[in-house]
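Below, chains carry the letters A, B, ... as their sequence lines are ordered, and counting in each starts from 1.
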Amino acid sequence: MAASCWGLPELLCEFPALPNKTLRLMRMGIDNGFRDIVRHYSDQIDAATRPLQWFLNTLENAFTNTPWFVVLAVILGVVWLASRSIKIVIGSAIGMCLIGVFGLWEDTMTTLAMVAVATLIAIALGLPIGILAARSDRFQSVLSPVLDVMQTMPSFVYLIPVVVIFGIGKVPGVIAVVIYAVPPMIRLTNLGIRLVDKEVIEAADAFGASSRQKLWGVQLPLSLPTIMAGVNQTIMMALAMVVVASMVGVGGLGKNVLQAINNQFFTIGFLNGFALVAIAIIFDRASQAFGKRLQKHSEVGHD
Amino acid sequence: MTDSTSNAPENRSGIEIRDLYKIFGPNADRYVDAVKNGMSKDELNDKHNHVLGLQNINLELPPGQISVIMGLSGSGKSTLIRHINGLIMPTAGEILYNGRDVMQMTTDELREFRRHETAMVFQKFALLPHRTVLENTRYGLDIQGIDAAKSNPIARKWIDRVGLSGYEDYYPNQLSGGMQQRVGLARALANDADILLMDEAFSALDPLIRMDMQKVLLDLQAELKKTIVFITHDLDEALRLGDTIAILRDGAVEQVGTGQEIVLHPANDYIAEFVREVNRGRVIRAATVATPLPEGDVALPKLRLKGTTTLELAARKLADKDVRNATVLDKNGRPMGVIDMHTMLTAMVTPAEVDEGDDDLDEEDAA
């Protein structure tokens with residue numbers, strides 16, 4: 001050991017860490033304390049997650065129990081309403097049909113339900129937090145490192161406390177997905193509002209707009225393209241996260257991928273992977289086209 | 001409000017700005033007294049890192065008139081106009097309107113003041129890009145909480161008045177700069193506020209369109225008699241629009257007066273420098289340079305001109321009629337003086353003492 005340290009004394013050679021015993025006590029203290037707290041409040045936690053559980057189950061049942069052609073028609077209808085582009089609708093139809101042909105329809109529905117719930121929660125949380133961050137520099141400076149942690153912390157790591165608190169199942173899966181998917185929603189809402197033209201805000205002020213009138217009448221409509229980019233990113237991240245979430249018991253395409261990894265099922269892995277890609281592309285194209293349609297006023301130039 | 005007598009300019013309040021100081025920086029209050037006691041802008045900036053925006057501003061902006069505040073960039077003119085509707089709060093001083101100090105208003109009072117008493121037109125138009133022309137025009141009314149059913153006819157009326165009929169459903173991005181500023185003007189007028197604040201409203205427009213908009217504004221003002229505060233960096237624009245002009249430099253007022261007063265009697269070299277390039281024939285009026293009526297029973301020239309005729313127009317009339325002199329009439333239409341080609345030309349040519357610019361130019365050319 002010392003030889004690799006140019007013959008230096010031990011203090012300079014190896015970083016002086018806390019003694020092993022102290023570290024063990026610290027770990028056990030925190031882990032046990034955390035577990036005790038969770039056990040003590042387990043009833044309340046169950047009660048709090050019950051609506052989420054119910055929402056998830058209802059949506060999943062709706063997706064899986066409805067005949068496939070109805071679900072397909074609804075999905076294509078939504079894509080058409082959002083994008084108004086026949087090309088995107090046809091592409092979506094082909095993608096969904098391929099998924100069905102390869103026997104992944106049911107798993108895809110489970111995943112869709114999961115992603116839909118996670119995205120809705122992420123938007124419902126991210127939008128107000130983003131608005132608050134745009135209004136207060138102090139809040140933004142506190143929030144920013146928190147978001148950095150949420151985005152860079154390996155997702156497997158925060159699965160641990162989520163499992164400790166909520167156990168195994170869909171609800172902890174959704175919570176993990178939301179934690180992973182909400183930062184872009186917050187960031188882009190914040191950014192979008194901050195980027196709104198100062199002159200237009202001043203004009204609203206000069207005409208006596210209250211802060212609520214400014215928010216709903218000026219800031220949100222003008223930052224909508226950026227906010228829609230946030231929604232788009234959130235959906236993409238939620239889709240990417242469902243595979244990881246399958247480790248805590250979420251069904252669907254992610255579970256198949258996880259099994260394929262464990263058993264080295266090359267074909268199953270890729271088929272399920274491509275199914276995720278197909279859903280991702282459908283969501284992405286539809287939401288981007290929707291975002292573009294929202295800002296049609298800014299596209300037309302004058303002659 | 002609809003009573004014509006109560007709306008006459010004589011019965012309305014002007015805006016009075018008293019001892020106004022504005023210092024930008026975190027501890028502005030600490031330095032007000034020092035500035036009042038003569039600390040200069042540079043000293044404040046270098047030693048204390050605070051920027052002196054406005055100092056010792058005392059202005060009366062009379063009701064029903066266009067008051068122009070003129071200055072180059074950095075003179076504080078845009079800061080000053082934002083004090084009138086409280087977009088910027090002064091470090092010290094008062095802005096009085098109808099006996100109320102804008103600075104003392106609570107947030108709610110200030111909001112009501114902005115909704116009902118003032119309207120603003122911006123240099124870069126500041127229209128709402130997601131609203132159509134019609135929706136932009138009624139924006140102030142929407143903010144006041146007026147139904148679209150009531151506000152749409154008002155908005156349409158003003159869109160028509162600024163010459164944009166047929167463009168109601170266009171988005172601002174589909175319009176040219178001049179048309180966008182017409183929307184800005186219509187939006188401000190639709191508010192039916194007494195005070196109209198125009199912050200370099202025409203500066204971003206092409207010269208021809210600018211002239212056009214100036215005419216639109218003058219025509220509207222002849223009828224509406226609003227209390228207009230107009231900011232510009234262009235002396236020609238100031239002279240064309242302003243009933244009174246205040247010239248601002250480094251946050252202080254250099255001279256206040258009518259266009260003629262400023263052109264004929266510049267208060268200092270700085271202003272003399274400014275007015276040197278002005279087309280004096282368009283500013284100076286016949287009455288100003290007319291010689292008194294000759295003594296006794298001498299026949300007056302046949303051509304009669306109003307005292308308010310500009311020298312340029314007077315010269316054209318004389319030339320058309322091929323005469324050398326004319327009688328100038330006073331407000332009541334009675335002769336008050338005589339004007340001839342010689343006096344007019346002398347007045348229109350820039351006087352010698354401020355006319356060193358050409359020589360300077362020649363020297364520069366030679367070098």
Side-chain angles (χ1 to χ4, degrees), chain A residues 82 84 127 131 134-138 141 188-189 191-231 287-303, chain B residues 78 81-82 84-88 107-133 135-136 138-145 167 169-180 184 187-188 190-191 193 195-199 204:
Chain A
R84 298 290 156 94
L127 198 64
I131 291 170
R135 294 190 158 196
S136 154
D137 284 339
R138 188 177 295 175
S141 61
L188 286 165
T189 304
L191 180 74
I193 292 176
R194 283 176 185 267
L195 283 183
V196 171
D197 193 354
K198 294 277 175 296
E199 297 230 342
V200 177
I201 298 291
E202 191 178 42
D205 275 330
F207 281 92
S210 62
S211 37
R212 186 182 299 171
Q213 285 171 326
K214 253 189 307 189
L215 179 67
W216 290 104
V218 183
Q219 288 169 316
L220 282 182
L222 292 188
S223 54
L224 210 49
T226 319
I227 293 176
M228 278 309 294
V231 172
S287 62
Q288 276 197 22
F290 181 62
K292 245 183 203 160
R293 232 157 40 76
L294 284 178
Q295 41 172 334
K296 63 176 195 295
H297 58 79
S298 60
E299 281 187 349
V300 275
H302 64 79
D303 32 298
Chain B
S78 288
I81 199 173
R82 277 165 178 70
I84 295 172
N85 61 356
L87 286 176
I88 298 179
T107 316
D108 288 344
E109 284 172 345
L110 188 61
R111 195 178 299 139
E112 288 304 306
F113 175 69
R114 287 173 183 167
R115 283 181 186 179
H116 299 288
E117 316 277 6
T118 69
M120 197 163 180
V121 184
F122 296 85
Q123 177 175 12
K124 289 178 188 148
F125 322 136
L127 300 175
L128 300 162
H130 61 297
R131 287 175 154 242
T132 62
V133 168
E135 289 163 348
N136 262 294
R138 63 158 211 252
Y139 182 67
L141 303 172
D142 284 356
I143 292 295
Q144 292 173 25
Y167 288 95
D169 296 326
Y170 281 59
Y171 284 101
N173 278 359
Q174 294 169 291
L175 305 179
S176 68
M179 289 159 94
Q180 288 189 41
R187 174 174 71 176
N191 236 16
I195 300 174
L196 186 56
L197 305 171
M198 305 188 71
D199 179 23

Quiz item: Using non-hydrogen atoms only, which part of R187(B) is less than 4.5 Å away from chain A: side chain, backbone, both, or neither?
Solution: both

Self-check item: Shortest non-hydrogen contact from Y139(B) toward A204(A)
Solution: OH-CB, 3.4 Å

Self-check item: Under 4.5 Å from any heavy atom of chain A - which part of L127(B)
Solution: backbone

Exercise. Please name all residues satisfying ring pair (Phe, Tyr, Trp, His ring centres under 6.0 Å) with Y167(B), sequence neighbours left out, ordered by chain then number.
Key: Y170(B)

Exercise. List the atom of D205(A), the atom of R114(B), and the distance in Å for their closest heavy-atom pair.
Key: O-CD, 3.1 Å

Quiz prompt | For the student: nearest non-hydrogen atoms of F122(B) and A206(A), plus distance | solution = CZ-CB, 3.8 Å

Quiz prompt | Heavy-atom closest contact (A119(B) atom, F207(A) atom, distance) | solution = CB-CE2, 4.4 Å

Quiz prompt | Contacting region of D197(A) [heavy-atom separation from chain B under 4.5 Å] | solution = neither

Quiz item: What's the shortest heavy-atom distance between I143(B) and A209(A), and which atoms?
Solution: CD1-CB, 3.5 Å

Quiz prompt | From K124(B) atom NZ to E202(A) atom CD, the distance as rounded to the nearest 0.5 Å | solution = 11.0 Å

Quiz prompt | Shortest non-hydrogen contact from L222(A) toward P129(B) | solution = CD2-CG, 3.4 Å

Exercise. Give, as side chain, backbone, both or neither, the part of D108(B) having an atom under 4.5 angstrom from any heavy atom of chain A.
Key: neither

Quiz item: Do any of residues 210-220 of chain A have a heavy atom less than 4.5 Å from a heavy atom of chain B, and if so, which, in residue order?
Solution: S210(A), Q213(A), G217(A), V218(A)

